[in-house]
Amino acid sequence: MHTDVLVIGGGLGGVAAALAALRAGRSVILTEEFDWLGGQLTSQAVPPDEHSWVEQFGITASYRALREGIRDYYRRNYPLTEASRAAAQLNPGAGYVSKLCHEPRVAVAVLEEMLAPYRASRRLLVLQPYRPVAAETDGDRVTAVTVQHRDTDEQVTLTAPFILDATETGQLLPLTGTEYVTGFESQAETGEPSAPAEAQPLNMQAVSYCFAVDHVDGDQVGDKPANYAFWRNYQPEFWGDRLLSWTAPNPRTLESAQRTFTPNPDDDPLAVVADQRRTGGDMNLWTFRRIAARRHFVPGTYESDICLVNWPMIDYFEGPVIEVPDAAKHLAAAKELSLSVLYWLQTEAPRADGGTGFPGLRLRADVVGSADGLAQAPYIRESRRIKAEYTIVEQDLSVAVRGDRGAAWYDDSVGIGMYRIDLHPSTGGDNYIDVASSPFRIPLGALIPQRVENLLPASKNLGTTHITNGCYRLHPVEWNIGEAAGLLAAFCLDRGAAPRAVRGTPTLLREFQDHLVAQGIELGWPNVTGY
């Protein structure tokens with residue numbers, strides 16, 4: 001099959017890339033290996049992690065349309081209370097991690113709505129569930145990608161003048177021979193203050209299998225996981241207690257902190273203020289990533305709130321899940337950790353009343369759309385990353401380095417983002433790195449491989465480091481990266497130009513940036529201070 005723009009990977013970056021190229025009049029083939037489009041927002045079941053100004057500025061117009069589409073979907077289809085329906089900034093889950101916490105299936109529906117007219121006109125073909133298994137190259141160009149059906153092993157070879165890697169782990173980079181890095185770079189390579197003396201390519205952030213629970217009457221306890229005893233007694237050196245406990249490091253101070261857990265607090269969801277400038281919001285684990293607050297809805301609609309478990313205790317950092325021969329073993333162990341956390345919560349977790357266990361916790365497989373009750377896909381925080389024309393480094397945006405100067409100014413900006421430099425514990429034995437960041441730009445140079453001409457990153461695989469990946473990996477930034485990549489591919493096709501020529505030719509760069517602005521992409525920040 002042939003198309004103008006081939007997008008491999010249907011996560012947030014992939015969908016944004018496809019929509020951008022389609023809006024520009026190009027044909028697109030989009031592939032995705034899981035049952036839902038949307039990646040970390042849907043198949044990985046992670047509510048959006050967003051900066052404090054998200055309701056005013058700092059995201060693209062199309063990402064804002066996605067957010068407002070989610071709210072509108074609730075207003076059109078759910079029995080909200082009159083007060084909640086009238087809330088301009090409705091937060092259906094009233095979670096503290098984000099100003100918009102919601103059930104993943106709603107995001108799937110809205111993403112499908114956004115793509116529907118292009119499917120109907122046959123300008124978009126979605127191949128699902130397919131994963132990339134091979135690629136062909138001719139010198140510095142990728143000429144074809146072969147994808148294979150997840151369940152039937154049927155293979156299809158796809159060709160396009162521009163190919164975008166929007167996979168969660170940068171799967172096309174090794175398949176195409178595109179130069180890339182993994183893990184922790186050395187300080188000699190990057191000059192980063194927080195980098196180690198020697199490179200650690202297999203030192204990567206934890207992955208997590210998220211799951212959803214509610215709390216109802218009766219005994220909901222399932223079978224004990226086979227390796228439960230191991231995880232029950234597992235204690236990382238830096239944790240301060242067993243992993244399966246209410247104790248975990250405070251990511252910002254690294255001091256041991258006690259979390260609380262109160263199912264179904266009778267709180268007012270309209271009074272919840274989600275602002276990560278004030279707090280990470282993770283001290284009460286029930287409300288931290290709550291995705292359905294029952295008091296938003298007409299009484300009797302929900303038996304219980306629904307809580308999305310993406311907590312410190314489900315982070316799996318025993319080994320990496322890419323670049324190693326035993327990746328499948330580590331993914332299976334990550335699943336077992338999550339199921340062990342659930343069993344511990346149901347049977348042994350200390351309660352405020354002095355008892356143990358919450359047997360009424362019910363695994364909500366229907367909420368995440370899987371057979372085993374865990375998210376369809378692991379939450380991947382760190383990908384392979386291209387060796388780019390420009391690599392974004394810690395000293396470009398760390399508040400500790402930049403002070404009140406703000407983040408580095410990139411003349412080739414193709415978007416903006418904001419999040420703390422937020423690294424979870426890693427496979428190299430590192431504790432959290434969670435430090436203040438300045439609101440930053442996305443340089444076009446980070447989207448251009450050093451050698452390959454027609455392959456573009458459209459997800460977490462752009463030219464960041466292990467450290468700066470920590471703030472470029474979140475939902476709105478991934479969307480902006482994908483959208484910029486899709487628009488760049490279409491722009492290059494229209495102009496007969498190569499991506500590196502767009503960056504290297506001032507008139508072309510200004511024309512492309514003007515086009516981005518016309519599409520609702522912000523290229524710079526107002527005068528705001530990082531946190």
Side-chain angles (χ1 to χ4, degrees), residues 40 44-49 93-98 101 103-104 205-215 225 228 231-232 234-236 238-265 274 276 279-293 304-318 333-352 357-358 361-364 367-368 373-375 377-381 420 422-426 431-432 434 474:
Q40 59 178 321
Q44 297 172 34
V46 180
D49 268 315
Y96 280 85
V97 74
S98 170
C101 292
E103 296 170 52
Q205 285 195 69
V207 302
S208 302
Y209 269 100
C210 303
F211 57 92
V213 293
D214 60 8
H215 189 268
Y228 177 70
W231 290 114
R232 182 184 181 277
Y234 179 78
Q235 182 167 341
F238 53 81
W239 208 256
D241 200 343
R242 293 177 304 173
L243 187 66
L244 271 60
S245 69
W246 297 130
T247 301
N250 180 315
R252 301 185 183 185
T253 67
L254 302 186
E255 297 176 355
S256 289
Q258 287 291 118
R259 269 64 175 186
T260 61
F261 182 70
T262 307
N264 291 320
Q276 294 195 12
T279 172
D282 60 338
M283 289 299 104
N284 184 337
L285 293 174
W286 183 267
T287 55
F288 177 33
R289 294 183 187 270
R290 182 171 52 183
I291 56 174
S304 162
D305 294 348
I306 302 175
C307 174
L308 194 285
V309 178
N310 179 16
W311 304 341
M313 62 185 72
I314 71 165
D315 280 3
Y316 178 85
F317 40 84
E318 280 290 284
K335 281 192 170 188
E336 190 167 60
L337 168 59
S338 290
L339 292 172
S340 294
V341 168
L342 172 65
Y343 189 80
W344 176 81
L345 289 167
Q346 292 173 321
T347 61
E348 296 192 70
R351 299 196 309 259
F358 297 84
L361 284 177
R362 178 173 59 176
L363 188 62
R364 291 294 302 269
V367 169
V368 297
L374 303 181
Y379 180 26
I380 300 288
R381 296 182 174 88
R420 290 173 64 86
D422 174 11
L423 302 175
H424 283 234
S426 69
N431 202 341
Y432 290 92
D434 190 328
L474 285 308

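Residue numbers run from 1 in the order of the sequence given.
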Closest contact, heavy atoms only, [X] versus [Y]:
| X | Y | value |
| --- | --- | --- |
| Leu243 | Met313 | O-CB, 3.3 Å |
| Ala45 | Pro47 | O-CD, 3.5 Å |
| Val368 | Gly373 | CG2-O, 3.6 Å |
| Asn284 | Thr262 | OD1-N, 3.9 Å |
| Phe317 | Pro236 | CZ-CG, 3.8 Å |
| His424 | Gln205 | N-OE1, 2.7 Å |

Result of checking Phe211, Tyr379, Phe288, Phe261 against Trp311 for ring pair (Phe, Tyr, Trp, His ring centres under 6.0 Å):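 It is Phe261; the other options fail the test.
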
Ring pair (Phe, Tyr, Trp, His ring centres under 6.0 Å) partner of Trp344, chosen from Tyr228, Trp231, Phe358, Trp246: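 The passing option is Trp246.
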
Is any side-chain heavy atom of [X] less than 4.5 Å from a side-chain heavy atom of [Y]?
| X | Y | value |
| --- | --- | --- |
| Arg259 | Pro312 | yes |
| Pro263 | Asp305 | no |
| Ser338 | Val309 | no |
| Pro425 | Phe238 | yes |
| Pro104 | Val367 | yes |
| Asp282 | Pro251 | yes |
| Leu254 | Tyr432 | yes |
| Arg381 | Ser208 | yes |

Rounded to the nearest 0.5 Å, how far apart are [atom1] of [X] and [atom2] of [Y]?
| X | Y | atom1 | atom2 | value |
| --- | --- | --- | --- | --- |
| Ser340 | Ile314 | OG | CD1 | 12.0 Å |
| Leu361 | Leu342 | CG | CG | 7.0 Å |
| Leu337 | Tyr316 | CG | OH | 8.5 Å |
| Asn264 | Thr287 | CG | OG1 | 11.5 Å |
| Arg364 | Cys307 | CZ | SG | 12.0 Å |
| Leu345 | His215 | CG | NE2 | 10.0 Å |

Quick check against the 3.5 Å criterion: does [X] have a side-chain atom that pairs as donor or acceptor with the backbone of [Y]?
| X | Y | result |
| --- | --- | --- |
| Arg242 | Arg232 | yes |
| Arg289 | Asn310 | yes |
| Arg290 | Ala94 | yes |
| Gln276 | Val97 | yes |
| Trp239 | Thr247 | yes |
| Asp214 | Ile306 | no |

Let me see the working for Asp241 and Ser256 under side-chain contact (heavy atoms from CB on, under 4.5 Å), right down to the final yes or no. CA-CA 8 Å; Asp241 200 343; Ser256 289; over 6 Å; no

Could I get the full list of side-chain hydrogen bond (donor to acceptor under 3.5 Å, both in side chains) partners for Thr260, not counting sequence neighbours?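 Once residues adjacent in sequence are excluded, Thr260 has no partner under the side-chain hydrogen bond (donor to acceptor under 3.5 Å, both in side chains) criterion.
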
